Every structure is written in structure tokens, then in C-alpha cells.
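Worksheet for the structure shown next.
Here the structure is a predicted model, which is why all the values come from computation and not from measurement. Chain naming here is simple, since letters A, B, ... match the order of the sequence lines and numbering starts at 1 in each. Side chains are part of it too, since the values below use all heavy atoms of this structure and drop only hydrogens, waters and symmetry mates.
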Amino acid sequence: MRKVILRPYLLAITLFLFTTVYSYAQETAEAQPAESAAVVDSPVPNGNAENGEKLFKSLCAACHKPYSRAVGPALHGVVDKYDGDFEWLYAWIKNSAELIKSGDARANAIYNEYNQVAMNAFPQLSNQDMDDILAYVELPAPVIEAPVPDGKDVPVQTGIPTDLILGILSFVLLLLAVILYLVNKTLNRFAEVNGVKLYEDGAERKPLWKAYVENQFLLLVTVVVFLLGTAWFGYGYLMQVAVDQGYEPIQPIHYSHRIHAGDNKIECKYCHASARVSKHSGIPSLNVCMNCHKQISEVAPETLAEGKEEYSIDYNKEIEKLYEAVGWDKNTQSFTGENKPVKWVRIHNLPDHAYFNHSQHVSVGKIECQTCHGPVEEMEYMYQNAPLTMGWCINCHRETNVQVKDNEYYTKIHEELSKKYNIEEFTAADMGGIECGKCHY
Amino acid sequence: MKISNLFILFLALTFISCADKNNPNYQYFPDMYESLAYEAYSEAEIFENQQTAMIPVENTISRGWMPYEYDNNLDGYALAKVELVNPLPYSEEHLTNGKELYDIYCATCHGKKGDGQGYLVEREKILGVPSYDDQGRAITEGSIYHVMYHGINTMGSYASQMSEEELWQVDHYVVKLKNALEGKPERAYETNEAIEITVEETGEVMQINFESSN
């Protein structure tokens with residue numbers, strides 16, 4: 001009886017819940033009308049901003065940004081600043097040093113304001129070129145790119161919050177449990193009323209475990225399985241002691257190898273320069289970061305959105321952390337001299353009794369970094385890819401042929417070995433790469 | 001039942017303990033694991049903040065380097081541009097190394113050809129990278145080295161990533177790229193080996209070694 005009453009009720013509740021959630025999701029998706037900025041009259045009437053953009057990006061952008069200070073001042077508004085005196089601007093852009101020398105007051109003022117950093121001369125630019133550049137920098141700042149945080153964040157959550165889904169699920173499960181309990185109770189009552197006997201009276205049922213124990217064959221099988229299992233897991237357990245494969249610590253500043261080595265194809269050795277010439281593949285000092293991040297103070301809006309969406313990381317905040325650590329003041333574009341060294345967490349660490357030399361593998365053996373470190377260019381978080389156990393080292397030494405071609409390190413040993421054993425290809429093991437003393441001394 | 005329950009619990013615990021990827025695994029008798037000697041990047045009490053990765057002490061010269069006398073300012077740049085010359089012979093070996101290093105450290109912005117169209121420029125991550133044949137800059141051997149050593153404007157110093165000799169090798173290669181961009185004929189290789197000069201009077205063979213003494 002109750003079952004019949006309950007079911008439509010339950011259906012109604014779940015239906016109601018799902019429809020409300022669905023409509024909520026639709027609302028958030030629709031509430032996003034993009035507003036384009038109004039067109040403002042350019043103070044440079046005869047300039048072609050498109051051509052100017054190209055010129056600006058190739059010639060000026062090293063030191064200038066249109067809307068914020070870089071090495072030089074922000075250029076937006078420069079025409080108004082100098083009262084539309086185009087002749088003066090042309091003279092400055094073409095050869096600022098000459099203008100300063102001539103004693104021009106405005107030239108000297110800006111030169112001194114920016115710590116006497118000289119601007120390069122651009123004799124190759126025509127007046128039309130300069131008009132184009134000025135037209136480009138005088139374009140109003142794009143408004144659409146700015147509201148990324150509040151604009152893209154809402155639909156990022158894909159409508160339904162995970163908590164809500166989980167809540168509904170657990171609610172449904174709870175209802176199911178209650179229903180089952182009620183059904184069971186009702187059926188029992190029916191049985192009682194109709195006089196159906198569920199259990200035979202008197203006969204004491206033998207517990208399951210007793211029947212199991214009394215069956216010797218089953219017991220034997222159990223013991224064998226148990227022993228084998230223990231041996232198997234025990235062995236596996238002992239073998240992973242002190243092996244840090246998959247170790248993925250949280251670093252003080254989040255650095256995405258995926259973006260740097262993957263998307264931007266920066267060479268591994270650009271940052272880990274000492275891997276070429278030394279035992280250690282050094283952790284880059286922060287000045288190496290600043291080689292690019294002096295100019296890149298913010299990531300592209302798409303990258304920012306991707307980071308927040310997929311990894312819940314605000315990349316811009318991580319760059320801020322870098323600036324704080326290295327002591328870089330974005331507003332004055334200079335180092336403050338107050339730095340806070342970063343305590344990176346070391347991931348790959350060989351025990352003291354094993355010797356490993358990076359340059360020997362990278363420069364001499366010409367082994368790709370990825371052979372041991374795995375697909376670093378895809379790693380958002382860096383982790384230890386290889387077990388770094390002795391067996392792993394030895395395997396590679398046995399299996400990998402030494403790259404002898406065009407490799408003067410091996411010219412001599414290749415000649416000798418190929419004469420002695422009559423072979424063309426040989427592995428590291430063939431030339432003594434698995435002798436104890438090579439790594440343990 | 002009880003035994004299998006325990007077993008499952010044991011398995012679960014094992015998996016849970018393995019699943020913690022944020023911490024390193026534990027070690028068994030780690031006597032020979034941790035170095036007693038100071039290692040690169042290890043923490044050392046004798047230094048402030050226990051930091052061993054530090055810049056060289058003032059007024060000392062790193063191994064493989066000679067003091068660089070041109071200041072990191074406009075005057076130094078102008079002076080280096082005029083006077084400084086590459087001490088390495090223009091040899092095939094130095095240029096091969098120079099190219100290899102250039103492709104790692106410079107090409108990502110300056111482009112493989114030196115035209116300022118590197119991958120990062122193409123992706124508009126870094127902007128305003130000049131071509132080596134830029135007239136306003138008119139770079140020379142000396143100014144190239146000066147800029148690599150000290151950095152200029154947004155470009156940083158590369159002295160921490162390459163040695164003195166390597167910087168000069170890149171210097172040769174950049175000049176080669178610049179000449180190629182300007183359509184100038186390629187400079188002939190200088191031999192890296194000793195040039196033998198026979199002194200007529202005595203018949204003695206003198207060797208003048210042009211190799212750099214790095």
C-alpha cells in the first residue's frame with residue numbers, strides 16, 4: 001500500500017529538483033551579452049592603426065606598452081601630452097639622443113624622468129610610419145579583455161555546482177534506503193498475516209563460517225591464496241620503500257612546465273643551463289625567470305581562464321609571487337634589492353651512494369631529457385616520472401645503444417670496440433657502463 | 001570473514017599510504033641516502049637562511065671567467081661597441097657550438113635567422129625583438145657581447161647560463177647571422193690549429209697558437 005503512495009511522490013521531488021537546476025544553469029549561460037566599446041575619434045587622423053600595430057610590435061614593444069609603463073612610458077595619450085606637436089614627436093622617435101643634446105626642454109624632462117635610459121634611434125621610420133604607430137597606441141584600451149575574472153568565471157562552473165549534484169544524489173539514495181526498508185517491513189507483515197513461514201522452526205541453522213571451516217579443500221585454497229597474496233603484496237610493499245616515483249610536491253611558486261616547455265617550446269636547457277656542463281641540472285635562479293617575465297607580467301586572458309578552469313590556479317598571482325621573491329617593482333620597472341629566496345622542493349634526489357652526472361648524459365650521451373623525466377612538456381605539476389632505482393638505470397644502460405655517430409667523445413672507444421668485438425653498435429653496458437665502480441665509489 | 005576484512009583493511013591502508021604524492025616515500029636505514037658532505041642546493045647552517053645557492057662573493061672571480069671591464073651603462077655599452085673584439089678565432093668548431101647555444105638561448109625570441117621572429121614573438125608573448133640588421137642599433141661584436149653579459153632594457157643577462165667562452169662563441173654566430181641578413185659575404189673560417197711559420201734563417205719551425213686559453 002505505502003509503496004504505491006510513495007513512488008509518485010518521490011518521482012515528483014526528483015523531477016522538481018532537476019528542472020530547477022537545469023533552468024538555473026540556462027539562466028547563467030544566457031546572462032552574458034557582450035558590450036563593444038564605443039568608437040572614439042583618433043587624435044592621429046591620417047594614421048593607419050593596423051600597420052602601426054605591426055610596426056609597434058616589432059620595433060617599440062621591447063620597451064613600451066600602450067597602456068602601462070614598461071622600460072619606457074606608456075604611449076597612450078602621448079599625442080595629447082605634447083599638444084599634437086607631431087614634428088617634435090617625429091624628431092624624438094627618429095633620434096632622441098640628438099634632441100636631448102640640442103637642449104630641448106621637453107626632451108630633457110622626459111629623459112631625466114625615466115632615469116636617463118636612452119631610447120634607440122629609428123632612422124628607418126618615415127613620417128607616415130610614425131603616424132601609423134601613434135594611431136595604434138592612441139586606440140582606446142580594449143575593454144573586452146579586461147573583465148575576464150567576472151565575465152568568464154560564472155559560466156566556467158558549467159551551470160551546476162558539484163556540491164549540489166552530490167547533495168541531490170545522497171538525498172535520492174537516502175530516499176531509496178527508506179523505501180526499501182518500508183517495503184521489506186510491509187512484505188514481512190503480509191507474510192505474517194497470511195501465515196507464510198519464512199524460517200523453519202526448531203532447526204538451528206549452521207553459521208556460514210562454520211560450514212566453510214569444516215570444508216578442508218576450501219580452507220586449503222584459502223590458505224594458499226592468502227600466503228601467495230601476502231608474499232605478492234609484501235614484496236611489492238618492500239620494493240617501493242624509498243622509491244619516490246610519482247612524487248609531486250606543491251612548490252612555493254606554481255610553475256607550469258606545460259606552458260613553458262610545451263606551449264611556448266622553451267628549451268629545457270634554457271632554464272636548466274647547467275645540465276649541459278655540470279653534474280647537476282641546476283634549478284634556475286630567478287634572474288632566468290626575469291629574462292622573459294620582465295616583459296610578461298600577466299598571462300594571456302585565455303591562459304588565465306584555462307588555469308582557473310582546469311587547475312584552479314591564478315597564473316597572474318604566481319607571477320606576482322615571482323616579482324615579490326626577486327624584488328621587482330612593476331611600477332618603477334626596477335629591482336628593489338629586497339629579495340626573498342624561494343625554497344623550491346627538490347623532487348629528484350638520488351641517494352648519496354650513487355653518482356649521477358647530467359652533463360655525461362645530456363651533452364656526451366645526447367639523451368633527451370624526457371627519456372628519464374617523462375613528458376615534462378605536458379606536466380602542469382612536475383612529478384618524478386622514473387623510479388630512479390638501480391635496476392632502472394642498469395636496464396637503460398643495457399638496452400640503449402650509444403650514439404656514436406658524429407660524437408667525438410666516442411670516436412676512439414668506438415674504433416677499439418668495433419675492432420675487438422666486430423660490432424658496429426654497442427650499449428653503455430658494453431663499454432663498462434654497468435660496472436659497480438662507475439656509479440658507486 | 002574477519003580475516004578477509006582485515007586483509008581488505010590492510011590493502012586499503014597500503015593504497016592510501018601510497019596515494020600521498022605530496023610527500024616523499026619513507027626510507028629504510030637511510031644512512032647512505034643522505035649526504036654528510038655539503039651538496040649543491042643542500043641546506044647548510046653556516047649560511048644565512050641555510051641557503052647554499054648564492055651569488056659569488058664580491059671581488060672574486062668565478063672559475064673560467066675574467067673580469068669584464070665595461071660598465072653596465074650607456075658609456076660602457078658605447079665603449080664596448082667600439083673597442084671590444086672577440087678573442088676566439090672564427091673557426092668552424094666555435095661556430096657549431098655557437099649555433100647550438102644560440103638555438104637554445106637566443107632563437108626562442110630572436111629567431112633562428114636572427115630576424116627577431118622567434119617562436120615567442122610569433123605567439124606575441126614577447127614583442128619588439130629587433131632584427132640583427134637593425135640600422136638604429138648597428139650592433140658589433142663588442143656590443144653583442146656587452147648586451148649578452150649585462151643585458152639591456154627588457155633583455156636579461158645571459159652570463160649565468162653560459163660561460164665566457166660560450167658567450168663569445170654565440171657572439172661569432174650572431175655576427176654571422178647579421179652578415180647573412182645584410183647580404184654580406186660569409187667570413188672565411190680561421191684555422192683553430194697552430195699556424196706554422198718557418199723562420200728562414202735558422203730553419204726552425206715556430207708555432208703560433210691561436211687557440212683561446214680558456
Side-chain angles (χ1 to χ4, degrees), chain A residues 56-64 70-71 116-118 120-124 208-209 222 226 229 233 237 240-244 246-250 263-267 269-271 273 276-277 279-280 282-285 287-288 290-292 294-296 300 341 344 346 349 351-353 383, chain B residues 1-4 7 10-11 14 18 21-28 30 32-37 39-41 49 51 53-55 74 101 103-105 107-109 116-117 119-121 123-131 134-137 151 153-158 160-163 166:
Chain A
F56 178 86
K57 282 182 175 168
S58 69
L59 297 171
C60 320
C63 301
H64 291 284
V71 174
Q116 308 205 332
V117 175
N120 281 308
F122 294 96
Q124 72 268 43
L208 196 62
W209 68 271
T222 314
F226 180 72
F233 284 110
Y237 183 72
Q240 57 85 44
V241 169
V243 174
D244 291 324
Y247 176 35
E248 187 186 294
I250 305 283
D263 293 353
N264 288 317
K265 295 189 182 157
I266 297 169
E267 270 274 344
K269 286 169 267 182
Y270 183 97
C271 305
R276 289 185 296 113
V277 288
K279 177 176 180 246
H280 296 280
I283 298 162
S285 48
N287 67 306
V288 177
M290 293 307 285
N291 279 354
C292 294
K294 254 188 197 173
Q295 205 177 39
I296 305 171
W344 300 107
R346 183 169 182 168
N349 206 351
D352 188 36
H353 57 74
Y383 60 83
Chain B
M1 287 293 265
K2 255 184 193 169
I3 289 171
S4 62
F7 189 64
F10 169 72
L11 275 185
T14 325
C18 289
K21 56 187 182 179
N22 292 332
N23 283 308
N25 209 342
Y26 42 84
Q27 295 170 340
Y28 177 72
M32 290 173 80
Y33 275 62
E34 265 126 54
S35 173
L36 288 178
E39 288 216 316
Y41 300 120
N49 206 9
Q51 184 188 357
M54 294 200 285
I55 47 174
L74 285 176
L101 294 164
D103 286 348
I104 295 174
Y105 297 107
T108 183
C109 290
Q117 293 298 315
Y119 189 67
L120 289 177
V121 177
R123 297 196 76 205
E124 301 203 343
K125 302 291 173 198
I126 300 255
L127 290 169
V129 180
S131 173
D134 185 79
Q135 307 156 26
R137 289 176 174 85
N153 295 337
T154 23
M155 178 174 152
S157 159
Y158 281 77
S160 71
Q161 282 139 291
M162 285 180 267
S163 71
E166 287 168 340

Practice task
Starting at CG of N22(B), measure out to CD1 of I250(A) and round the result to the nearest 0.5 Å.
Solution key: 4.5 Å
Practice task
Could you grab the distance from atom CD1 of I266(A) to atom CG of N291(A), nearest 0.5 Å is fine?
Solution key: 10.0 Å
Selection from [options] maximising heavy-atom pairs under 4.5 Å formed with chain B:
{"options": "Y270(A), F56(A), Y383(A), F122(A)", "result": "Y270(A)"}
{"options": "R276(A), K269(A), R346(A), M290(A)", "result": "R276(A)"}
{"options": "Q295(A), K279(A), K294(A)", "result": "Q295(A)"}
{"options": "A300(A), S285(A), C60(A), G282(A)", "result": "G282(A)"}

Practice task
Check side chain to side chain donor-acceptor pair (under 3.5 Å) between N23(B) and all other residues, then give those that pass, not counting sequence neighbours.
Solution key: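 N23(B): side chain to side chain donor-acceptor pair (under 3.5 Å) contacts with D20(B).
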Side chain, backbone, both or neither of [X] within contact of chain A (heavy atoms, under 4.5 Å):
{"X": "A40(B)", "result": "both"}
{"X": "Q51(B)", "result": "side chain"}
{"X": "L74(B)", "result": "side chain"}
{"X": "S163(B)", "result": "neither"}
{"X": "I104(B)", "result": "both"}

Problem - Pick from L101(B), V121(B), T154(B) with the largest number of heavy-atom pairs that fall under 4.5 Å of chain A - result: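 If we count pairs closer than 4.5 Å to chain A, T154(B) comes out on top.
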Exercise for the section: Select, from M162(B), Q117(B), E39(B), K125(B), the one with the greatest count of heavy-atom pairs under 4.5 Å involving chain A. Expected result: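 When all of M162(B), Q117(B), E39(B), K125(B) are compared, K125(B) has the most.
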Given a strict heavy-atom distance threshold of 4.5 Å, which part of [X] is in contact with chain B: side chain, backbone, both, or neither?
{"X": "I283(A)", "value": "both"}
{"X": "H280(A)", "value": "side chain"}
{"X": "N287(A)", "value": "side chain"}
{"X": "D263(A)", "value": "both"}

Handout entry: D244(A) side-chain N/O to Y247(A) backbone N/O, donor-acceptor pair under 3.5 Å
Key =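 Such a contact is absent between D244(A) side chain and Y247(A) backbone.
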Exercise for the section: For the residue pair Y158(B) and Y105(B), categorise the inter-ring angle as parallel (less than 30°), tilted (30 to 60°) or perpendicular (more than 60°). Expected result: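 Perpendicular.
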Exercise for the section: Take T108(B) and E267(A) through the test side-chain contact (heavy atoms from CB on, under 4.5 Å) and record every step on the way to the result. Expected result: CA-CA 8 Å; T108(B) 183; E267(A) 270 274 344; over 6 Å; no
Exercise for the section: Work out which heavy atom in C271(A) is nearest to a heavy atom in V288(A); give both atom names and the distance. Expected result: CA-CG1, 4.0 Å
Problem - Atom of V129(B), atom of C109(B) and distance for their closest heavy-atom approach - result: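 Smallest heavy-atom distance, with atoms named: CG1-O, 3.8 Å.
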